[in-house]
Each structure stands twice: as C-alpha cells, then as structure tokens.
Amino acid sequence: MNNFRLRSINMLDIKQMIASILEKEIPTLDDETIYNMLEYPPEDNMGDVALPCFKLSRILRKSPVQIAEELVNKIPSDPRIEKVESLSGYINFFLNRQEFIKEVVSTALRDKNKYGSRDIGKGKNIVIDYSAPNIAKPFHIGHLRSTAIGNSLYKIFEFLGYNSIGVNHLGDWGTQFGKLIVAYKRWGSKESIENGGIKELMDIYVEFHDEAEKDPSLEDEARQWFVKMEKGDKEALELWQWFKEISLKEFNRVYELLDVRFDSHAGESFYEDKMPPVIEELKEKNLLTESQGAMIVDLEEYQMPPCLIIKNDGSTLYATRDITAAIYRKDTYDFEKCLYVTGAAQSLHFNQWFKVIELMGYDWHDKLVHVPFGIVSLGGEKLATRKGKVVLLEDILSEAIKKTLRIIEEKNPNLENKEEVARQIGVGAIVFSDLSSNRIKDVSFSWDEILNFDGETGPYVQYTHARTSSLLKRAEENVDIGFDASLLSSKEEFQLVKTLYLFPDKLVAAMDELEPSIITRYLVDLAQDFNRFYHEHPILVEDKDLRQARLALVLAVKYALANGLKLIGLNAPERV
RNA sequence: GCGCCUGUAGCUCAGCUGGAUAGAGCAACGGACUUCUAAUCCGUAGGCCAGGGGUUCGAAUCCCUUCAGGCGCGCCA
C-alpha cells in the first residue's frame, strides 16, 4: 500500500534536518535522495544519524573516505548538531542531545493521549472486514488472528485521522445450516442446545459428519433444508435464527472480553437479495461463461483459474457474495480502501474476484486489499471444526485471566479491582502474543508460550506502563515541559529518548505495511529501554530539578506506551 | 504438475526500499530486592542467516537455482 507511505511524520524530523543541511553541500543530489540515504547507525560511537558515502563515490569520482572527510569539513556548525565525524566512508552526525531530548519529550507531554496521532487520513473512509466467525461454529484460537489484526488496524487508521468502519462479515448463511438442522432434529434438543450453546451445536455438527460418512443420504437431506431456507420456509428460518442468536450471544461474550466492537454486522445472509442484480450485471458485461453447468468468469488470460459465480444447481458461491458486498460497501461507504483480514490460504480467491471487479470496469478495484495472515496449528496439526479439534478462545482467555489473578494475589494482594485488571492483563497476554510476529508467519499454538508472562509479552509492557503510573502517582507533583533537559545526561536516558522519538514513525510504518506487529515489537523496545533507565537511575530523588526532568521523561514514555497498547487493542492499567 | 508463502541461536522471532562487528525474548548457567512494584535488571554461553551460484565497493537483505516445510489450484468459506 505504497500510497500510504509518507516521509517521517515527526514534527522534529532529524533526518530531514540533516538532509537539508547536506543538500547545500551536495548540489548534485536533491534532499529527497539524501533523505533516503540517511540511516540510523548501529553503535553509539557512530553518532545518531549517518550518511554512507559509497554511492556518492561514483558520482563524485572520489573515494568514499575522501568524500566523507571533505564533506565533514564543509558542514557549517548548527546548534542542533553537536559534532560531525567522518569514519571509514560514513559521515556520522551527533545530535545536540539536550535540544533533542527537550524537543522529543516536550512533544509527548504536549500531545498526551494524542501523542503520535495525525490527520493524514482526514475525510477518508477505510472499511475493514475482520473476525467474521461462522455461526454455530466455535470461536477458536484461529479466529483470534483476524479479530486482533483487524481491530488493531481499525485503531491505527483512526489514530492517523481516517474514519474506520469495522465490518463483521458473519458466516451466517450456507449449507452448513442445513446440516445443523438435520443434526438438531436427530440428536439435539431444545434444552441441550440452550444449555450447551455452541459447544453442543458443534457436537451435533461433528456427529453429523461422522454419521454422514456411513449414510450419505444425510447430505441430501441437509441440502434440502438449505433450499427450504432460501425459499423462506418458516420452520427452517426459525431454527436458523435461533442458532444465530445462540452463537451471537457467545461471540459477544468473547468480543466483550477482547474489547472489540464493530460498526456493521452485515454478514452473508445480508447479501442474499443483493446478488441477483450483480449477476445480471456480470451477464450484461459479457463476463459470464457457462462451463460444466456452472457460470464462471474466465481468468485464463490472467493466469488464474476461473472464478465461479453460480453452481450448476443454480446457487451462489462466496465469490458472488464478496463481489456483491464490495459493490455494496463502495456505494455505502465510498471507501478509500477496503481491507479483508483473512487467512493467506484465501489469497487466490481474493485475487480472482478483485480481478472480476476490475473486469466489470470499476476503477476502484485497486482499493480492495487482502490482508493475509498465516495459519494457527495445534501441535503441528491444522485446526478442524468438523473433527472437533479446536482450542476455544474463551478457554484460553479464561486460563490467562486465572493465571493473572494468581500472580496478583501473590504480588499485589491489596490491588483494587483485581478482577478487571486480571482481565486486561490476561487477555492482553493472548492478544499481544498473537500480534507479536509478522502476520504472514504460521503460528503453532502452545499453552506454555501463550501463558508465559515474562520477557517480550503483553504483561511485560503493561507492567512497565504501570511502573510509570506508579512513579507519577507517588511523586504527586505537576510535570510539565519546563524541565531542564541538560540533567538527562546519561546514556540510558538518551537511548530511551531516541527510542521514544521513533514512536510516531512506527505508527505510520504499521499502517503502511498493515502490520500491527511493528507496534507490538516497538513497545517491547521502548519498555526495555525504560526498564534499563529505571533500574539505573532513581527517579524520585531529593533534587527537585533532577526529579522534574526524570519525571518528565517518565510521563512522556507513559503516553507512548499507553497509546501504543491501545493501538494494538490492549488496555493500559494504572496499577497491576 | 502449476502457483503463492515460509526457512536467521536448542525454541519463538526481529532485522529484508543492500551498508559499519547479525539483534531480542524463552530455555540453561551465574549475579542484583534495607532503596521508586524482581511480571524487573545485569552477565555468561549459544549463528557457514537452509545449500549452491550470480549482481555489487558492500548481500541475511536483490536475481537465478536446489532442498525442506506450509497453503492453494471449479461447484466449502
């Protein structure tokens, strides 16, 4: 999504600052080019921003070492820069630390819970399709990915000024309901379903598949029930509605725990009556061809298998629904982008129907974006609802909450509202873990790993945030931008500020790459730098000026941690 | 068979718009609580960046190729 890409959005952009100085000294290059050549050096003794001169070598026909040395001497002194050095072909810029610290910390203190936010998406709508569980099937660990990634993207776009529209495209239509009706009539009862909820529905669904292997006529029966649903049969629709209610009740319980909300729940059934005109349109545009009794859009020209629109029995498919839904959403929301947060296994499907939208002549086809993620496996095996091989998300969340409560009882038994804090941290641990590696990687579910609260975890970052709160509460004094930055002179403090400085850029990178894990990992870095600082330097010291300066840094970090946590869908409790 | 994705420390992963000695966490071992919450911090150990070619002043990063794993490839979503 390169059209989201911006240069740094920092008010204080140190690369920009240095690029504009260099531009005057290197007339052959514009500041844009120089800007992109600048990098952050790996070691402290190499300064804070560096320009490798190797590429200049060819243009200027001199050795990189020579170029670096000559340029260093030409660069005029600047109050924002402490010194400039040349080292083996690099020009290393050392910032005026005091000024840099002042600027970065003050910005955070001024912006507070808006720190890092922007209005670059002002007036633009982003539709995000995520979660989308199937009715009557359990909400398992695999569904968490779509939910967590989508929810986080929702918040990131909002924070950067877009108007996000969250859509839960519920899987609430299809032949599986026919199967459920058959199963219910044979093995279910009103009471058992009322009591057992989705677990009971799943059990009879699994039973259906077991029995259907022996008796294939059950499949026909199921299909007939689905046909009845489509024809508006009262009994069928009442059962469907009932299954849906039971499922939604449970889903909502999970969404409540996760703090996830949607702006629309228009699912598959919503598009039932909207498909015929779209099919008509496909016909009019001469895109449909008959093949083996079905209607398809041929995509051979584009090196893809055909996109199936209508089955040979006349019923529609998911591509039909997705095409219809996309057109509906474009009409309804006039989106800048419409994101589909679903598994990587569906890539081909999305490429196919995106192409169909293009062939229909819609110029907004390039605003549709599939946001794929890797699969969750369980001990190396794929999760399969039909086999009953699942780990329910609710079970994982409640285990994590229980564990958190035990830790609180042990470490901080006098904590107020333990239950709520335990929920925030327990759930946070799970969500954080799910958002900590690149979306595309497959993950293997492990109880040990997901219930680990040490190291690079949600509880670690939340704990660090609570530390900042605790310090500020104990201090009981006003912290403002009047602090003396020259007192923050240690390497831990400077390192912490350097990391803090990156926060706004990380948000843009996360949006640009549609990758919440960029924020998750950043928070770990920031928390690590903070904890080192915390360990090394007492904050609540006697000296008022020093205390004020350190508290200002603590508060600035607190804003970044809290805002970052919020953007990946976690709470930031004041006390743990 | 064709296509897409992945392969970095024992494990889980960063780093991939090429740049300075490849970084974290977990696990292991050794340290640090009379002091702001030890869900913390410090140290030790652990790498032919899957293999092989190429491009380049410079490759974990780009290109080609081989291997391994995952996923997909017409009436499920």
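Here is how names work: the chains are called A, B, and so on, in the same order as the sequence lines, proteins then strands, and each is numbered from 1.
Nearest nucleotide to the A:Lys441 side chain, out of B:A77, B:C36, B:C13: B:C13. Of the candidate nucleotides B:A20, B:G74, B:G70, B:G70 has the atom lying nearest to any side-chain atom of A:Asp442. Here B:A20 is the nucleotide among B:C13, B:A20, B:A38 with the atom lying nearest to any side-chain atom of A:Glu39. Among B:A20, B:A77, B:U37, the nucleotide with an atom closest to any side-chain atom of A:Ala466 is B:U37. Residue A:Gln528 places its side chain closer to B:G25 than to any other of B:U37, B:A38, B:G25. Of the candidate nucleotides B:C36, B:A77, B:G74, B:A77 has the atom nearest to the side chain of A:Arg321. When each of B:A20, B:C13, B:U37 is scored by its nearest atom to the side-chain atoms of A:Val576, the top-ranked nucleotide is B:U37. Among the nucleotides B:C41, B:C11, B:C26, the one closest to any side-chain atom of A:Asn531 is B:C41. When the nucleotides B:C36, B:U40, B:G15 are ranked by their closest atom to the side chain of A:Arg521, B:G15 comes out on top.
When the side-chain nitrogen and oxygen atoms of A:Tyr522 are compared with OP1 and OP2 of B:A14, none of them lie within a distance under 4.0 Å. The shortest distance between the side-chain N/O atoms of A:Asn438 and the OP1/OP2 oxygens of B:U6 is not below 4.0 Å. Close to B:C76, at under 4.0 Å from its OP1 or OP2, lies a side-chain N or O of A:Lys311. Residue A:Arg532 has a polar side-chain atom (N or O) positioned under 4.0 Å from OP1 or OP2 of B:C42. Phosphate proximity of B:U17 to A:Asn36: absent, as no side-chain N or O sits under 4.0 Å from OP1 or OP2.
A:Asn351 CG to A:Phe354 CZ: the interatomic distance, rounded to the nearest 0.5 Å, is 7.5 Å.
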>> Would A:Asn531 and A:Tyr460 count as a side-chain hydrogen bond (donor to acceptor under 3.5 Å, both in side chains) here? Give the steps.
In response: CA-CA 10 Å; A:Asn531 283 320; A:Tyr460 171 74; 3.1 Å; yes
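Cation-pi geometry between A:Lys355 and A:Phe350 is not met: the NZ or CZ atom fails to fall both under 6.0 Å from the ring centre and inside 45° of the normal.
Each of A:Val557, A:Leu555, A:Leu551 was evaluated against A:Leu553; a single residue qualifies, A:Val557, per the side chain to side chain contact (heavy atoms under 4.5 Å, CB included) test.
Base orientation for B:C71: anti, the chi torsion being more than 90° from 0.
No side-chain N or O of A:Ser57 forms a donor-acceptor pair with one of A:Lys62 less than 3.5 Å apart.
The nucleotide B:U37 finds no pairing partner, because no Watson-Crick or G-U wobble arrangement with both distances shorter than 3.5 Å includes it.
A donor and an acceptor atom never sit less than 3.5 Å apart when one is taken from the side chain of A:Ser377 and the other from the base of B:G70. Checked by distance alone, A:Asn92 brings a side-chain donor or acceptor within 3.5 Å of a matching partner on the base of B:A20.
Looking at which nucleotide of RNA chain B each of A:Ile518 and A:Gln346 is closest to, the 5′-most match is held by A:Ile518. Residue-to-nucleotide proximity on RNA chain B shows that, of A:Ala319 and A:Arg58, the 5′-proximal contact is made by A:Arg58.
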